[in-house]
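Please read the structure below before turning to the comments.
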Protein chains: 2
Amino acid sequence: MTTMTKSKGAAALPLNTILAGDCIEMMNSLPENSIDLIFADPPYNLQLKGDLHRPDNSKVDAVDDAWDQFSSFAAYDRFTRDWLAAARRLLKPNGAIWVIGSYHNIFRVGASLQDAGFWILNDVVWRKSNPMPNFRGKRFTNAHETMIWASKSEGAKYTFNYEALKSLNEGVQMRSDWVLPICNGGERLKDDNGDKAHPTQKPESLLHRVLVGSTNPGDVVLDPFFGTGTTGAVAKMLGRDFIGIEREEAYRKVAQKRLDSIRKFDREALQVSASKRAEPRVPFGQLVERGMLRPGEELYSINGRFKAKVRADGTLVGKDVKGSIHQVGAAMEGAPSCNGWTYWAFKREGQIVPIDVLRQQIRAELAN
Amino acid sequence: MTTMTKSKGAAALPLNTILAGDCIEMMNSLPENSIDLIFADPPYNLQLKGDLHRPDNSKVDAVDDAWDQFSSFAAYDRFTRDWLAAARRLLKPNGAIWVIGSYHNIFRVGASLQDAGFWILNDVVWRKSNPMPNFRGKRFTNAHETMIWASKSEGAKYTFNYEALKSLNEGVQMRSDWVLPICNGGERLKDDNGDKAHPTQKPESLLHRVLVGSTNPGDVVLDPFFGTGTTGAVAKMLGRDFIGIEREEAYRKVAQKRLDSIRKFDREALQVSASKRAEPRVPFGQLVERGMLRPGEELYSINGRFKAKVRADGTLVGKDVKGSIHQVGAAMEGAPSCNGWTYWAFKREGQIVPIDVLRQQIRAELAN
DNA sequence: ACCTAAGGTGAATCTTGCT
DNA sequence: GAGCAAGATTCACCTTAGG
């Protein structure tokens, strides 16, 4: 790969390098209207109070780095406005930006994007297939992050490789929710001690989809919060040029080593997200939520011997037992286990209908 | 259903009615600190430029109603701040709010929520199983909407029926991404012409999960943008009280008709699995007092590594430690904390039995 | 070599109630 | 309100060790 190609007027772009320093200063040192795509993974401004332990008493290794600390929402907003202004100056008129965040920061980022004149094209949800659970049972599992995709301004002719994404998605149009695993296993970079080199390394599969969808080969991709360089790594594989900016020496070192080992079009490395087409699990509770069965309605065992009543939370109550469709079926039969889906039925217009029919309906919908 | 019950000081709440008028004015006419939950589906501020046609040239019936028009982001922000302030005044200290939106408005709503002092608990993604495709192939299929769940302030004791949601989800904790179909078929209300009565009617399944998860029977739920009354309908079914506010006469009429036809589920069906925390507290000493365990008897850690002796006052003595079942367990494991109830076991007839079995016996007695 | 069991871990605003 | 003690609480992976 080449450094310092693609001159734009007097200045030149330091292609395929990692710039050391503050992202706003470094961006301001680059020529305006020179970048095709920006991917930004800014600090999330998590506000953690104390330690968190798992039920087995092991401690969660949380993101408590200094770079994620801001004194107030106002301070975070100032930072956001400043780096977005610098980013917007760099973008070509038909360039675009992606920003990723969580509920801690993404609403502020999104509003600032709009205020700065960016035009939101989609918000895209990264649904994590293996998120960390909520150990205390006080909230929903925080199972997704949000990305905002925006053009430099309204009416701009941004890049969108519709057909490529459709192919990636087995021939149907790509949706705004992407199911991808978090970065772990061999892809997760380790430091010399064997600990994770960066607390929030993003999976290459995510960047693969972003770059295939919104850049063309030869485009210049800037990542102002480069970290361990996932953006650069995927850009290199896909034949795009990148520029990274990273303040922390330790991250730059790991990223450079990573980049040096990557070859363009290393197909093997791209085989991360082949989809498994297992039958989706359908919770019985969905039949209740969706009104297919009514709370208070009676279910009948397929052998006609027992009945039980549906509750609003998708559990059953029978004589002396309550619990899941499986638990109540097992208890009534005195069996160690029972597949409630094939054991229970409901009545419609005098007919006895197995509840599994309703599950099949939902699965058919999901397949579309 | 009753109207005007639950007086709060001088004022009374117009329960289970639809108030006609501007939502901010109407909210300001209600007593402060009186509402348990607010569900709000405000205008999305869609900024549609022209007509959209499907590939077969049929015209998409878009949301272009007057109530969704704002002159600028600043105007939308003003409106948002104002209704959020009125909403926050109404909430009880431990109340909570849900707001639903799309990328057009949700970032502004989220930032305003945070600025107003609400404390975000989760952002929840409603992943539509049957969204409208992107006909032009210029963007990702807009296949989700975003809900923000927030308590009135940081540290508030909001309602979260963890076990009920877990039951709804087949025994695993509920995640922040919910896959549910959009509202159509028989559930979709039609006007006298057979057209959809409201452009953005929400599915009852969505409200079912919201209300089961974050309210209890008898709670008061306010929806300041009532529309055709999905919130009221599900609240009524689930035995919650509701208050709706709606400006448009046509929507109120449809909503009232809908509400009149709905019956509440029976009481048993509304019972929901409770968390252990809600069960009565049983001191370990009671097991000794009642002779279920004898002073001097040995307890064994569940992993078989440690043992300790029961004393007459309900404390344990082990090697070098004495104290509560929790303290001794934690000390032996070198852990910051330990739930002694699940950590210790005793022997009966050669069998190892967890002490929690004895606590459950006592709780079962207390329930009778 | 292959299978099973045990252990580790991930952007987390993660308790409640009594004294 | 601060301080302390009781006690409730996890899913989908991957790696490693052991059989």
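First the proteins, then the strands, lettered A, B, ... as listed; each starts at 1.
- Residues A/Trp126 and A/Trp178 place their aromatic rings such that the two centres sit no closer than 6.0 Å.
- For B/Ser273, the side-chain contact (heavy atoms from CB on, under 4.5 Å) criterion is met by A/Arg311, A/Asp313, A/Thr315, B/Glu163, B/Ser167, not counting sequence neighbours.
- Using cut-offs of 30° and 60° on the angle between ring planes, the pair A/Trp83 and A/Phe225 is perpendicular.
- In terms of the salt bridge (charged side-chain N to carboxylate O under 4.0 Å, His left out) criterion, residue partners of A/Lys202 (sequence neighbours excluded) are, by chain and number, A/Asp41.
- Rounded to whole Å, the separation between the C1' atoms of D/dT9 and C/dA12 comes to 14 Å.
- Every residue two or more places apart in sequence or in another chain that forms a side-chain contact (heavy atoms from CB on, under 4.5 Å) with A/Ala75 is listed here: A/Ser71, A/Ser72, A/Arg78.
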Practice task
Using a 4.0 Å cut-off on protein heavy atoms (strictly under), produce a 5'-to-3' string for nucleotides 14-19 of chain C with B for base contact, S for backbone-only sugar-phosphate contact, and - for none.
Solution key: BBS---

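- The distance between atom CZ of A/Arg54 and atom P of C/dG7, rounded to the nearest whole Å, is 15 Å.
- Ring-plane geometry between A/Tyr251 and A/His198 is classed as tilted, the angle between the planes lying from 30 to 60 degrees on a 0 to 90 degree scale.
- Exactly one of B/Asp36, B/Leu37, B/Asn161, B/Leu211 qualifies for a side chain to side chain contact (heavy atoms under 4.5 Å, CB included) with B/Asn216. That residue is B/Asn161.
- Heavy atoms of A/Asn45 sit nowhere under 4.0 angstrom from any nucleic acid atom.
- With respect to the salt-bridge test (charged N to carboxylate O, under 4.0 angstrom), the residues A/Glu204 and A/Arg258 qualify.
- B/Ala85 pairs by the side-chain contact (heavy atoms from CB on, under 4.5 Å) definition with nothing, not counting sequence neighbours.
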Fill in the blank from the handout: With both pairing distances under 3.5 angstrom for Watson-Crick or G-U wobble, and | for a partner in another strand, the correct string for DNA chain C is .|||||||||....|||||

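- Separating the P atom of C/dA11 from that of D/dT15 is a span of 16 Å, rounded to the nearest Å.
- Note on A/Ser102: every side-chain N or O is 4.0 Å or more away from OP1 and OP2 of C/dA11.
- Within the 4.0 angstrom heavy-atom criterion, base atoms lie near B/Ser337.
- Between B/His326 and the phosphate of D/dA6, there is no side-chain N or O to OP1/OP2 separation shorter than 4.0 Å.
- For A/Lys59, the side-chain contact (heavy atoms from CB on, under 4.5 Å) test picks out A/Asp51, A/His53, with sequence neighbours left out.
- Within the 4.0 angstrom heavy-atom criterion, no nucleotide atom of any strand lies near A/Thr141.
- For A/Pro131 and A/His104, each mapped to the nucleotide of DNA chain C holding its nearest heavy atom, the one lying further toward the 5' end belongs to A/Pro131.
- Distance CG (A/Asp56) to P (C/dT9): 10 Å, rounded to an integer number of Å.
- For B/Gln173, counting side-chain heavy atoms from C-beta on, the closest listed nucleotide (D/dA8, D/dC11, D/dT9) is D/dC11.
- Nucleotides D/dA6 and C/dC14 are separated by 23 Å at their P atoms, to the nearest Å.
- Under the salt bridge (charged side-chain N to carboxylate O under 4.0 Å, His left out) criterion, the residue pairs touching residues 109-124 of chain B are A/Arg108-B/Asp115, with sequence neighbours excluded.
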Practice task
List the protein contact pattern of nucleotides 14-19 of chain D with one symbol per nucleotide (5' to 3'): B for base contact, S for sugar-phosphate-only contact, - for none; contact means a heavy-atom distance under 4.0 Å.
Solution key: SS----

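- For the pair A/Glu145 CD and C/dG10 P, the interatomic distance rounds to 14 Å; values are reported in whole Å.
- Residue B/Leu121 is classed as having no contact, given no heavy-atom separation below 4.0 Å to the nucleic acid.
- Residue contacts shown for A/Pro42 include a base, since a base heavy atom lies under 4.0 Å away.
- B/Trp149 and B/Phe160 have their aromatic ring centers within a separation under 6.0 angstrom.
- For D/dG7, the base has no donor-acceptor partner in the side chain of B/Arg359 [N/O atoms by modelled type, under 3.5 angstrom].
- Listed by chain and residue number, nothing satisfies the ring pair (Phe, Tyr, Trp, His ring centres under 6.0 Å) test with B/Phe346 (two or more places apart in sequence, or in another chain).
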Below 3.5 Å, can you tabulate the donor-acceptor pairs from side chains in residues 129-136 of chain A to any protein atom, sequence neighbours excluded?
| from | atom 1 | to | atom 2 | distance (Å) |
| --- | --- | --- | --- | --- |
| A/Asn130 | OD1 | A/Ile182 | N | 3.0 |
| A/Asn134 | OD1 | A/Arg136 | N | 3.2 |
| A/Asn134 | OD1 | A/Gly137 | N | 2.9 |
| A/Asn134 | OD1 | A/Lys138 | N | 3.3 |

Practice task
Could you please spell out the steps behind the salt bridge (charged side-chain N to carboxylate O under 4.0 Å, His left out) verdict for A/Asp177 and A/Arg127?
Solution key: CA-CA 7 Å; A/Asp177 58 303; A/Arg127 304 169 69 209; 3.7 Å; yes

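- Among the atoms of the strands shown, base atoms are found under 4.0 Å from some heavy atom of A/Asp51.
- A donor-acceptor contact under 3.5 Å links the side chain of A/Asp41 to the base of C/dA11.
- One C1' atom belongs to C/dT16, the other to D/dG1, and the distance between them is 15 Å to the nearest Å.
- D/dG19 and C/dA1 have their C1' atoms separated by 12 Å, with the value rounded to a whole Å.
- In terms of phosphate contacts, B/Tyr162 brings a side-chain nitrogen or oxygen within less than 4.0 Å of OP1 or OP2 of D/dT10.
- Residue B/Glu279 is classed as having no contact, given no heavy-atom separation below 4.0 Å to the nucleic acid.
- By the 4.5 Å heavy-atom criterion applied to side chains, A/Pro43 and A/Trp67 are counted as neighbours.
- Regarding contacts with the backbone of C/dT9, every side-chain N or O of A/Lys59 stays at 4.0 angstrom or more from both OP1 and OP2.
- Near DNA chain C, meaning a heavy atom under 4.0 Å away, the residues from residues 190-202 of chain A are A/Lys196, A/Pro199, A/Thr200, A/Lys202.
- When distances run from any side-chain atom of B/Lys166 to the nucleotides C/dA12, D/dC11, C/dA11, the shortest one goes to D/dC11.
- Within 4.0 Å of B/Glu154, counting heavy atoms only, lies no atom of the nucleic acid at all.
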